[in-house]
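Taking it in order: structure first as structure tokens, then the write-up.
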There are 2 protein chains.
Amino acid sequence: MAGRTDTKTRILDAAEKLFAERGFSETSLRLITSKAEVNLASVNYHFGSKKELIRAVLARYLDVFMPSAAGEIKRLHNAPEQASLNEIFSSLIKPLLELNKVRQGGTIIFLQLLGRGYIESQGHLRWFITTHYGEYLSTFVQAVSASAPHIPAAEMFWRLHFTLGTIVFTMASADALNEIAAADYDEHNDTEAIIRKVIPYMAAGVAVPVTTN
Amino acid sequence: MAGRTDTKTRILDAAEKLFAERGFSETSLRLITSKAEVNLASVNYHFGSKKELIRAVLARYLDVFMPSAAGEIKRLHNAPEQASLNEIFSSLIKPLLELNKVRQGGTIIFLQLLGRGYIESQGHLRWFITTHYGEYLSTFVQAVSASAPHIPAAEMFWRLHFTLGTIVFTMASADALNEIAAADYDEHNDTEAIIRKVIPYMAAGVAVPVTTN
DNA sequence: GATTAATTTAAACGAGTGTTTAAATTGAGG
DNA sequence: CCTCAATTTAAACACTCGTTTAAATTAATC
């Protein structure tokens, strides 16, 4: 069949969009396969199970994003002077926006998938990410810690998860928030604009001195 | 039957715990009624539908929390000098922790329910909250805005949703995060400790000057 | 072009879902 | 004590879900 993309790819493309929009368990294989215009059974044929499809959808993004982000971090590390927190977080903008070139809407889809995965899964996705991409994560954590040496490691652990929550929750409700912002403030933000809004917020929060009260 | 609580209450008690732990759609009525030791059909008899049960579960907390929180905000407003962002956010600690007296684990359950509601629902819960408790929300937004007058209203809209994402995501994964923190840093935090960690982070983020780059 | 492997297809399976029904049980009020 | 309403109960309903099966079709190899 000429002009028709791979069945496997058609499934992944349809699945990632629906997963990002409505979550994993809210998205049935029947909905995915009908949007992808492939047979229901082809999911189990090509991926084995729905769980493995979810992992494949995420892996397709992580395999692009993680090395790219790690490269940016290393570039900052080789610079003559210590990078600021804002610079470190901002260095993730390019890798994130490059996902838009991989697939239309790739950036927001990736961030939404990440959030869905963290909130929905009971652990199998968390395990998948940390065991497959753990090395990338630790270089990032190390870079952030070096840039805010006044924050103890345990406190940094919590704050980095705060940032994850911030970005992930924001992206999960980005469409709804954008609608309200457009109606109430006549503001129209794309994914990049939202990312650029959230970075100063996160950087300030991560670096704020620890208070004991 | 002596010593046995109201069927309606038994359902609400069992439902809120399960909803907070695993989400709304992941929790079946059969699981709820078996934990509550009541008949399956009693949910539809007392609440009409699962959707209305979800709203009832949330309302039971919001009816306590919202007036209490609004009272604290007004107390700050009547003080001689302008409250700081830290003070405003901190003023929510007491109303939040009071929920622990209403029911065991009430604080974290409430925050987790809020997060589940915002992420899972396609709007019916958002609508329910804003139409039933909108007045409370705007007094809070007003207090925050007055305390950070250098932040434009549109920017504040986004930043307050950032804070919502921060707290809600953190609480949704609080158990898992606490396990890691205990293993890696020998830290043992209860709900209050986590709230006290997150407030400086949020206050710093909300108040950080808007940069144009 | 025949043979073998890879893929696609339609159909069914078994389990789980929220909801409804009608009968059985319980609790008050007269 | 009897009556009537409120509640509880067991059973069934109609539906959706992920997965499996076996036959049909397509693609590749010799």
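All chains are named by letter (A, B, ...) in the order of the sequence lines, taking the proteins before the strands, and each is independently numbered beginning at 1.
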Checklist entry - To the nearest Å, how far apart are L18(B) CG and dT17(C) P? => result 12 Å
Checklist entry - Atom CG of L31(A) to atom P of dG18(D): distance rounded to whole Å? => result 10 Å
Checklist entry - Got a sec: does the NZ of K17(A) have more than 12 other heavy atoms crowding it under 6.0 Å? => result no
Checklist entry - Is any side-chain N or O of T7(A) closer than 4.0 Å to OP1 or OP2 of dT8(C)? => result yes
Item to check | Closest to the Y45(B) side chain, choosing from dT9(D), dA6(C), dT7(D) | outcome: dT7(D)
Checklist entry - Could you give the CG-to-P distance, from L29(A) to dC13(C), as a whole number of Å? => result 20 Å
Item to check | Nearest-angstrom distance from the residue atom CD of E26(B) to C1' of dG16(C) | outcome: 12 Å
Checklist entry - If you look at every heavy atom in L62(A) and L114(A), which pair is closest and at what distance? => result CD2-CD1, 4.5 Å
Checklist entry - Under 4.0 Å between a Lys/Arg side-chain N and an Asp/Glu carboxylate O for R75(A) and E72(A)? => result yes
Checklist entry - Is Q142(B) atom CD crowded by more than 12 heavy atoms from other residues, nucleotides or ligands, each under 6.0 Å away? => result no
Checklist entry - Would you find more than 12 non-hydrogen atoms of other residues, nucleotides or ligands less than 6.0 Å from K197(B) atom NZ? => result yes
Item to check | Among dG18(C), dT19(D), dT7(D), the one nearest R30(A) by side-chain distance | outcome: dT19(D)
Checklist entry - Over how many whole Å does the gap from N44(A) atom CG to dT9(C) atom P extend? => result 15 Å
Next on the checklist: Are F169(B) and F169(A) an aromatic pair, judged by ring center distance below 6.0 Å?
Outcome noted: no
Checklist entry - When you check the phosphate oxygens OP1 and OP2 of dT8(C), does a side-chain N or O of H46(A) lie under 4.0 Å from one of them? => result yes
Next on the checklist: Please compare A41(A) and S28(A) by the position of their nearest nucleotide in DNA chain D and report the one closer to 5'.
Outcome noted: S28(A)
Next on the checklist: Whole angstroms only, please: what is the NZ-C1' distance between K50(B) and dG16(C)?
Outcome noted: 12 Å
Checklist outcome for this item: Students should find that the end-to-end axis angle of the helix from dG1(C)-dC30(D) to dA28(C)-dT3(D), with five pairs defining each axis and rounding to 10 degrees, is 10°
Checklist entry - With a non-hydrogen cut-off below 4.0 angstrom, is T27(A) in contact with a base, only sugar-phosphate, or nothing? => result sugar-phosphate
Checklist entry - Given atom CG of L40(B) and atom P of dG16(C), what is their separation to the nearest angstrom? => result 14 Å
Checklist entry - Under 4.0 Å between a Lys/Arg side-chain N and an Asp/Glu carboxylate O for D190(B) and R196(B)? => result no
Checklist entry - Quick one: E37(B) CD to dT8(D) C1', roughly how many Å, whole number? => result 15 Å
